Amino acid sequence: MDSKLKGRDFITTQDWSVDELNTLFALAAELKKAKAAGKPMPLLELKTLYMIFFDASTRTRNSFETGITQLGGHGIFLSPDKMQISHGENARDTANVLSRYGDGIAIRHCAHGEGNQYLQEVAEFASIPLLSMQCDIYHPCQILADYLTIREKFGETKGLKIGVAWTSAPNYVRPLSVPQSLILMMPRFGMDVTLAYPPEFKLLPEIEAQAKENAAASGSKFNITNEFESAFQDADVVIPKSWGPLVVTEDHDEGIGLIEKYPTWRCEQKHMDLGHKEMIYMHPLPADRGREVTNDVIDGPQSVVYDEAENRLHVQKALMALTM
Ligand code: CP
């Protein structure tokens, strides 16, 4: 086990070097193999992870909780409305107290303009690792799982073209964290990224600028376009998913109105046909079937969405084992 990572926080992949991320991917692959072989890996015996969810979850909660169980430890699900957070207890006190009991704190807090700030505050005062389960800016564990999935499908990732495309899903306003984390990390592993969105769906300017810097540093390409099809053209991997127009407006109804303005931004087989023959379709899930993607694509032979969801388990087990 790489002891240099023990005690480290994980709020964005940007804070970890490519070597450190590769250490994590190597352990994730080993843990995945061990699980398939039925070999116990009790790397976190008697350790406890506190999981605070300000927002709903299916994959994140179950993969973290199952993961720590498989490593011999225990995960505690915490909902802020059942904690003294609901009576105003601050991040400093919550962080200090949980640090006296257990071994890691994981938080999902996606409220725009609040989530990342809360995670940073808990991390500052906690003496145990703070692991992001998604905030308003980053969803780093999702992107770890995405990368592991791509590596499993293609082997070498350098030079692959990945399309990240906005899709129209007006059932609710989703955070910016998935596309932002994708454009930050994938260029660091040599992938060429095309980001496609209608003009109102731009991402945070500082994140787009950092993604450009990451691409320049690794010699890969990062392009932004307002044309849906460009994300698919000659791509190896495509990740079409919705997010809110939060850089332009934080008003909910106005946001939904803007999402409804672009119903043709939906992944269909004709778009999949624009990519390489082996192109894979990815989505972090939950997907709005019919609005973001047609069933023939998400249930079709190019879709790897369940492999991607499974890999959340393996990368997070590696993350917990290395940091806790
Ligand atoms: N992809 C993802 O984070 O799923 P959940 O919202 O279900 O946790």
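Computed from a predicted model, the values in this text were never measured in an experiment. When a ligand or atom number is given, it counts from 1 through the structure's own listing order.
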The side-chain contact (heavy atoms from CB on, under 4.5 Å) partner of Ser303 among Asp296, Val297, Ile298 is Ile298
Check the pair Leu144, Thr13 against side-chain contact (heavy atoms from CB on, under 4.5 Å), reporting the backbone distance first and the verdict last.
CA-CA 8 Å; Leu144 295 181; Thr13 55; 4.2 Å; yes
Using a strict 4.0 Å cut-off to heavy atoms of Thr58, name the atoms of ligand 1 that fall inside it.
5 (P), 7 (O), 8 (O)
Test: Arg174 cationic atom under 6.0 Å from Tyr172 six-membered ring centre, within 45° of axis:
yes
Could you tell me whether Arg289 and Asp299 make a salt bridge, using a distance below 4.0 angstrom between a side-chain N and a carboxylate O?
yes
Using a 4.0 Å cut-off to any heavy atom of His139, which atoms of ligand 1 qualify?
2 (C), 3 (O)
State the atoms of ligand 1, each with its element, that fall below the 4.0 Å cut-off from a heavy-atom position in Gln142.
1 (N), 2 (C)
Under 3.5 Å between some N or O of ligand 1 and some N or O of Gln134?
no
What protein heavy atom is closest to atom 6 (O) of ligand 1, reported as residue, atom name and distance in Å?
Arg108 NH1, 2.9 Å
Does an N or O from Arg312, backbone or side chain, lie closer than 3.5 Å to an N or O of ligand 1?
yes
Residue, atom name and distance, where the atom is the protein heavy atom closest to atom 4 (O) of ligand 1
Arg59 NE, 2.9 Å
For His271, all residues meeting side chain to side chain donor-acceptor pair (under 3.5 Å), sequence neighbours excluded
none
With sequence neighbours left out, the residues meeting ring-ring contact (aromatic ring centres under 6.0 Å, His included) with Phe77 are Phe53
Quick one: does Leu285 get an N or O within less than 3.5 Å of an N or O on ligand 1?
yes
Would you call Glu152 and Lys32 a salt bridge, taking side-chain N to carboxylate O under 4.0 Å as the test?
yes
Need the ligand 1 atom indices (1-based, order shown) with element for anything under 4.0 Å from a heavy-atom of Pro284.
1 (N)
